[in-house]
Amino acid sequence: QVRLVESGGGLVQPGGSLRLSCVASGSIDSMFVMGWHRQAPGKQRELVAQITRGGSTNYVDSVKDRFTISRDGAKNTVYLQMNRLETEDTAVYYCNARVVQSGVINSHWGQGTQVTVSS
């Protein structure tokens with residue numbers, strides 16, 4: 001019953017910015033972690049950034065100092081502000097949430113949003 005909907009992807013030139021949003025809805029007893037993963041063609045999916053309920057954040061080294069993850073707990077929404085984008089950032093970005101449902105921890109994924117960085 002949990003659904004994650006991403007938005008904000010698109011085409012941007014190198015050095016530009018995008019802001020991704022992910023809204024979680026459904027039966028959620030408690031939200032533990034929300035984050036963003038990405039997968040480029042021919043590559044494995046990797047963690048980009050995540051934020052815990054307590055506000056602790058983690059980033060993959062390649063995006064540190066360029067990306068910022070934030071959340072609105074009341075709305076079960078997570079954002080990813082991406083600045084100084086590079087061609088290497090091109091990928092499908094997926095929202096992920098670890099939630100408690102009826103006392104069980106489950107992981108849910110959104111459908112993904114395409115980010116393309118190109119001239």
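Numbers here are sequence positions counted from 1. Computed from heavy atoms alone, side chains included, the values below leave out hydrogens, waters and symmetry copies.
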Q: Ignoring hydrogens, what is the shortest heavy-atom contact between L18 and L85? Give both atom names and the distance.
A: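 For L18 and L85, the tightest heavy-atom pair comes out as N-CD1, 3.9 Å.
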
Q: What I want to check is whether the side chains of T77 and D72 have a donor and an acceptor closer together than 3.5 Å.
A: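 Checked: T77/D72 side chains show no N/O donor-acceptor pair below 3.5 Å.
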
Q: Evaluate whether atom CZ of R98 has more than 12 neighbouring non-hydrogen atoms of other residues, nucleotides or ligands under 6.0 angstrom away.
A: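 Atom CZ in R98 is not crowded, with 12 or fewer foreign heavy atoms closer than 6.0 Å.
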
Q: Just by distance, no angles: are the side chains of R84 and S17 close enough, under 3.5 Å, to form a donor-acceptor pair?
A: no

Q: Taking the side chain as everything from C-beta on, heavy atoms only, tell me whether Y59 gets closer than 4.5 Å to T57.
A: yes

Q: Quick one: OG1 on T52 to CZ on F32, what's the gap to the nearest 0.5 Å?
A: 11.0 Å

Q: Please find the pair of heavy atoms, one from M31 and one from M34, that lie closest to each other, and give the distance.
A: SD-CG, 3.5 Å

Q: When you compare the side chain of S118 with that of L11, does any pair of heavy atoms fall below 4.5 Å?
A: yes

Q: Where is the tightest heavy-atom contact between G110 and Y94, given as atom of each residue plus distance?
A: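 Heavy atoms only, the tightest pair is O-CD2, 3.7 Å.
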
Q: Shared ILVMFWY cluster between V60 and V117, side chains joined below 4.5 angstrom?
A: yes

Q: Taking side chain as C-beta onward, heavy atoms only, is V99 less than 4.5 Å from V2?
A: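 They are in contact (side-chain heavy atoms under 4.5 Å apart), so the answer is yes.
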
Q: Using distance alone, with no hydrogens and no angle criterion, decide if Q111 and E6 have a side-chain donor and acceptor under 3.5 Å apart.
A: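 Short answer, yes.
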
Q: Does the side chain of V78 come within less than 4.5 Å of I69's, by heavy atoms?
A: yes

Q: When you compare the side chain of T68 with that of N83, does any pair of heavy atoms fall below 4.5 Å?
A: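 No, every pair of side-chain atoms sits at 4.5 Å or beyond.
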
Q: Should we count CG of D65 as having more than 12 external heavy atoms under 6.0 Å?
A: no

Q: Are V92 and M82 connected, step by step, through hydrophobic side chains (Ile, Leu, Val, Met, Phe, Trp, Tyr) whose heavy atoms are closer than 4.5 Å?
A: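 Different hydrophobic clusters.
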
Q: How about S25 and N76: does a side-chain donor come under 3.5 Å of a side-chain acceptor?
A: no

Q: Under 3.5 Å, is there a donor-acceptor pair linking the side chains of T116 and Q114?
A: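 Yes, a side-chain donor-acceptor pair sits under 3.5 Å.
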
Q: Above 12 or not: heavy atoms from other molecules or residues under 6.0 Å from CZ of R19?
A: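 Atom CZ in R19 is crowded, with more than 12 foreign heavy atoms closer than 6.0 Å.
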
Q: Between W36 and S21, what is the shortest heavy-atom contact and its length?
A: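 Reported closest heavy-atom pair: CH2-O, 3.5 Å.
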
Q: Could you pull out the closest heavy-atom pair between A91 and A40, with the gap in Å?
A: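 Heavy atoms only, the tightest pair is CB-N, 3.8 Å.
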
Q: Tell me whether R71 forms a cation-pi arrangement with Y79, defined as NZ or CZ under 6.0 Å from the six-membered ring centre and within 45 degrees of its axis.
A: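 No - R71 does not lie over the ring of Y79 by the 6.0 Å and 45° rule.
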
Q: For residues L4 and A24, report the shortest heavy-atom separation together with the two atoms involved.
A: CD2-CB, 3.3 Å

Q: Would you call R53 and V33 a side-chain contact if the rule is heavy atoms closer than 4.5 Å?
A: no

Q: With rounding to the nearest 0.5 angstrom, report the OG to CG distance, S107 to N96.
A: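 Atom-to-atom, S107:OG and N96:CG are 3.5 Å apart.
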
Q: Does any part of the side chain of Q39, heavy atoms only, come nearer than 4.5 Å to the side chain of Y93, both counted from C-beta?
A: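 Side chain of Y93 against side chain of Q39, heavy atoms only: no contact under 4.5 Å found.
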
Q: Please check: side-chain N/O of N58 versus main-chain N/O of Q50, any donor-acceptor pairing under 3.5 Å?
A: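 Checked: no pair found.
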
Q: Does one side chain, of H37 or Q44, offer a donor that lies under 3.5 Å from an acceptor on the other?
A: no

Q: Taking the basic N atoms (NZ, or NE/NH1/NH2) and the acidic carboxylate oxygens, is any pair closer than 4.0 Å for D89 and R38?
A: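 A salt bridge links D89 with R38.
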
Q: Any donor-acceptor pair under 3.5 Å linking the side chain of Q101 with the backbone of I105?
A: no

